[in-house]
Amino acid sequence: NILVIGSTGQIGSELTRELRKRYGNDHVVAGYIKGAEPTGELLEAGPAEEADVTKAEMIATVVKKYHIDAIYNLAALLSVVAENKPNLAWKIGIDGLWNILEVAREHHCQVFTPSSIGSFGESTPHWMTPQDTIQRPKTIYGVSKVTTELLSDWFNQKYGTDTRSVRFPGLISYVALPGGGTTDYAVDIFYSAVRGEKFVCPIPEGTLMDMMYMPDALHAAISLMEADPARLVHHNGFNVTAMSFAPETIYAEIKKHKPNFEMVYEVDPLKKAIAESWPDKLDDSCARQEWDWKPQYDLSSMTVDMLDKLSKKLNG
Ligand code: VAH
């Protein structure tokens, strides 16, 4: 059985649904915290339990109650929010991770805890960023993600706990909104386009960042967790990417479908500083070699699907 920690978040809400499709509703527990309870299909389709990563006993109880074999740990504050709430970011991201890993060690669960392009810093090679390279991020988000990778690898080598993770790029989806990240603009721009509103872009023109459509992100997480361990040279922090673009590029792509769509720049200094410290384009050849990673969506096909699905969602 599977436990999804953070099942009502941007990734968690869709991952829970996808896992239930693949493994059966009753085999996937939607973990949540007070104040972010699951509703609708997420609640009705399968089991749901309060699972607050900062409460080790609570996690252990849920793992025992449902005989959990695999935990997808999606509990984290994203880069911008984390920079403003560093204590909470560390408590959830790292103290929470420690609790998850200890429970997983004791109960022999597999663990997936995503890292991010945010785990790289200014001194990391920005173009075709290697799988194994320098990681000196200057955000607390980035520091927590490097720690996530190292701690997960340590549990793997020390205790044999089966920990696996990818470094997600910016994720674009129409189901749940992102929770305060530097790449959120790539989601917000679609909402403005579908609502016929001018988009005010907080990221400067020309700033490249890796991005991925949510269906590919779910596919990456599940494929890695199902991969043959004998093939894995790496365990945590696989580079994965599907596309890399700057604001003017995604704007031009949307404009092909919405000719009257307008965008202006109002650069947010914090988002600018973070975005410029992140890679421009990852090298994801290790994921391709070790577990056959291959994205299905590029900018053009993602834009068609996002505009279609978001129009249906917003206009009914
Ligand atoms: C953020 N969407 O912007 C998250 C993610 C790679 C970006 O970590 O913080």
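- The shortest heavy-atom contact between Gln10 and Met214 is O-CE, 3.4 Å.
- The minimum heavy-atom distance between Gly170 and Ile117, with the atom names listed, is N-CD1, 4.3 Å.
- The backbone N or O of His126 sits nowhere less than 3.5 Å from a side-chain atom of Asp280 that would complete a donor-acceptor pair.
- Thr139 and Glu83 share no donor-acceptor pair across their side chains, judged by distance under 3.5 Å alone.
- The shortest distance between side-chain heavy atoms of Tyr72 and Ile222 falls below 4.5 Å.
- Residues Phe199 and Phe261 meet the side-chain proximity criterion, which asks for heavy atoms closer than 4.5 Å.
- Taking every heavy atom of both residues into account, Tyr32 and Ala30 meet most closely at CD2-O, 3.7 Å.
- In Lys255, the NZ atom is crowded: over 12 heavy atoms of neighbouring residues, nucleotides or ligands sit closer than 6.0 Å.
- Residues Val166 and Ser115 have side chains not in contact (no heavy-atom distance under 4.5 Å, counting atoms from C-beta outward).
- By the 6.0 Å contact criterion, CD on Glu44 is enclosed, its count of non-hydrogen atoms from other residues, nucleotides or ligands being greater than 12.
- No side-chain donor-acceptor contact under 3.5 Å links Thr8 and Ser13.
- Follow the hydrophobic side-chain contacts under 4.5 Å out from Ile71 and you never reach Leu74; the two are in separate clusters.
- Taking the side chain as every heavy atom from C-beta outward, Pro204 and Tyr265 never approach each other to under 4.5 Å.
- Salt bridge Lys256/Glu253: present, at least one basic N to carboxylate O contact under 4.0 Å.
- Aromatic rings of Trp90 and Tyr141 (six-membered ring for Trp) have centroids beyond the 6.0 Å cut-off, not under it.
- Residues Gly179 and Val81 come closest through the heavy atom pair O-CG2, 3.3 Å.
- Between the CE atom of Met212 and the CD1 atom of Ile172 there is a distance of 10.0 Å, given to the nearest 0.5 Å.
- Proximity of Cys201 to Glu266: side-chain heavy atoms (C-beta onward) are nowhere separated by under 4.5 Å.
- At distances below 3.5 Å, not a single donor-acceptor pair connects side-chain atoms of Gln110 with backbone N or O atoms of Asp162.
- One hydrophobic cluster, built from ILVMFWY side chains closer than 4.5 Å, holds both Met211 and Phe120.
- Cluster membership check: Val29 shares its hydrophobic cluster with Val103, using side-chain heavy-atom separations under 4.5 Å among Ile, Leu, Val, Met, Phe, Trp and Tyr.
- Arg22 and Glu226 are joined by a salt bridge, as a carboxylate oxygen and a charged side-chain nitrogen come within less than 4.0 angstrom of each other.
- Residues Lys55 and Asp52 are paired through a salt bridge, judged by an N-O separation under 4.0 Å between the basic side chain and the carboxylate.
- For the atom pair CD1 of Ile254 and OG1 of Thr249, the computed distance is 11.0 Å after rounding to the nearest 0.5 Å.
- Although no hydrogens or angles enter the test, the distance criterion places no donor-acceptor pair under 3.5 Å between the side chain of Asn73 and the main chain of Thr113.
- Between Arg288 and Asp292 there is no salt bridge, since none of the side-chain N atoms of the basic residue sits less than 4.0 Å from a carboxylate O of the acidic one.
- With rounding to the nearest 0.5 Å, the separation of CZ in Phe245 from OH in Tyr251 is 15.5 Å.
- Both Leu307 and Val175 belong to a common hydrophobic cluster when Ile, Leu, Val, Met, Phe, Trp and Tyr are linked at side-chain heavy-atom distances under 4.5 angstrom.
- If you check the side chains of His67 and Asn1, you find no donor sitting under 3.5 Å from an acceptor.
- Contact check on Lys272 versus Asp268 returns no salt bridge, with no Lys/Arg side-chain nitrogen under 4.0 Å from an Asp/Glu carboxylate oxygen.
- Taking the ring axis of Phe112 as reference, the NZ or CZ atom of Arg164 does not stay both within 45° of it and closer than 6.0 Å to the ring centre.
- We find that Arg17 and Glu14 are not joined by a salt bridge, their nearest charged nitrogen and carboxylate oxygen being 4.0 Å or further apart.
- Asn84 contributes a side-chain N or O that, together with a main-chain N or O of Val80, makes up a donor-acceptor pair within less than 3.5 Å.
- Heavy atoms of other residues, nucleotides or ligands lying less than 6.0 angstrom from CZ of Arg136 number 12 at most.
- Ala186 and Ile250 make their closest contact through O-CD1, 4.0 Å (heavy atoms, listed as atom of the first residue, atom of the second, distance).
- Counting heavy atoms from C-beta outward, Thr183 and Trp278 have side chains that approach closer than 4.5 Å.
- Atom OG1 of Thr148 and atom CG of Leu97 lie 5.0 Å apart (nearest 0.5 Å).
- Counted within 6.0 Å of NZ on Lys138, heavy atoms from surrounding residues, nucleotides or ligands total 12 or fewer; the atom is thus considered open.
- Between Asp305 and Lys309 there is a salt bridge, with a side-chain nitrogen of the basic residue lying less than 4.0 Å from a carboxylate oxygen of the acidic one.
- The aromatic ring centres of Tyr174 and Phe190 sit 6.0 Å or more apart.
- Thr161 and Asn156 share no side-chain donor-acceptor pair at under 3.5 Å.
- In terms of modelled atom types and a separation under 3.5 Å, the side chain of Ser244 and the main chain of Lys281 share no donor-acceptor contact.
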Which is it for Ile203 and Val267 under the side chain to side chain contact (heavy atoms under 4.5 Å, CB included) test, yes or no, and what are the steps along the way? CA-CA 5 Å; Ile203 300 292; Val267 173; over 6 Å; no
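- Judged purely by atom type and a 3.5 angstrom limit, Ser301 uses its side chain to pair as donor or acceptor with the backbone of Asp298.
- Between Glu49 and Tyr66, the side chains place a donor N or O and an acceptor N or O closer than 3.5 Å (distance only, hydrogens not considered).
- Side-chain contact check for Leu232 versus Leu224: some heavy-atom pair is nearer than 4.5 Å.
- Of the possible donor and acceptor atoms, one in the side chain of Asp216 sits under 3.5 Å from a partner among the backbone N and O of Tyr297.
- Interatomic distance, CG of Leu282 versus CZ of Arg167, reported as 8.5 Å (0.5 Å rounding).
- The shortest heavy-atom contact between Ala287 and Asn239 is CB-O, 3.6 Å.
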Please evaluate residues Val194 and Asn315 with respect to the criterion side chain to side chain contact (heavy atoms under 4.5 Å, CB included), reporting the C-alpha separation (whole Å), side-chain torsions for both, the decisive distance (0.1 Å), and the verdict. CA-CA 9 Å; Val194 168; Asn315 305 331; 4.2 Å; yes
Met225/Trp291 under side chain to side chain contact (heavy atoms under 4.5 Å, CB included): CA gap, chis, key distance, verdict: CA-CA 10 Å; Met225 287 289 266; Trp291 47 278; over 6 Å; no
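- Side chain of Ser165 to backbone of Gly237: a donor-acceptor contact under 3.5 angstrom is found.
- Taking CG of Leu3 as the reference point, atom CD1 of Ile68 lies at 5.0 Å (rounded to 0.5 Å).
- Environment of CD in Gln157: crowded, with over 12 heavy atoms of neighbouring residues, nucleotides or ligands closer than 6.0 Å.
- At a threshold of 4.5 Å between non-hydrogen side-chain atoms, the residues Leu171 and Ile11 count as touching.
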Under the criterion side chain to side chain contact (heavy atoms under 4.5 Å, CB included), I'd like the reasoning laid out for Ser277 against Thr124: C-alpha separation, chi angles, the key distance, then a yes or no. CA-CA 8 Å; Ser277 74; Thr124 305; over 6 Å; no
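- Inspection of the His234 and Asp132 side chains reveals an N or O donor paired with an N or O acceptor under 3.5 Å.
- Ring pair Trp98/Phe155 is perpendicular by interplanar angle, where above 60° counts as perpendicular and below 30° as parallel.
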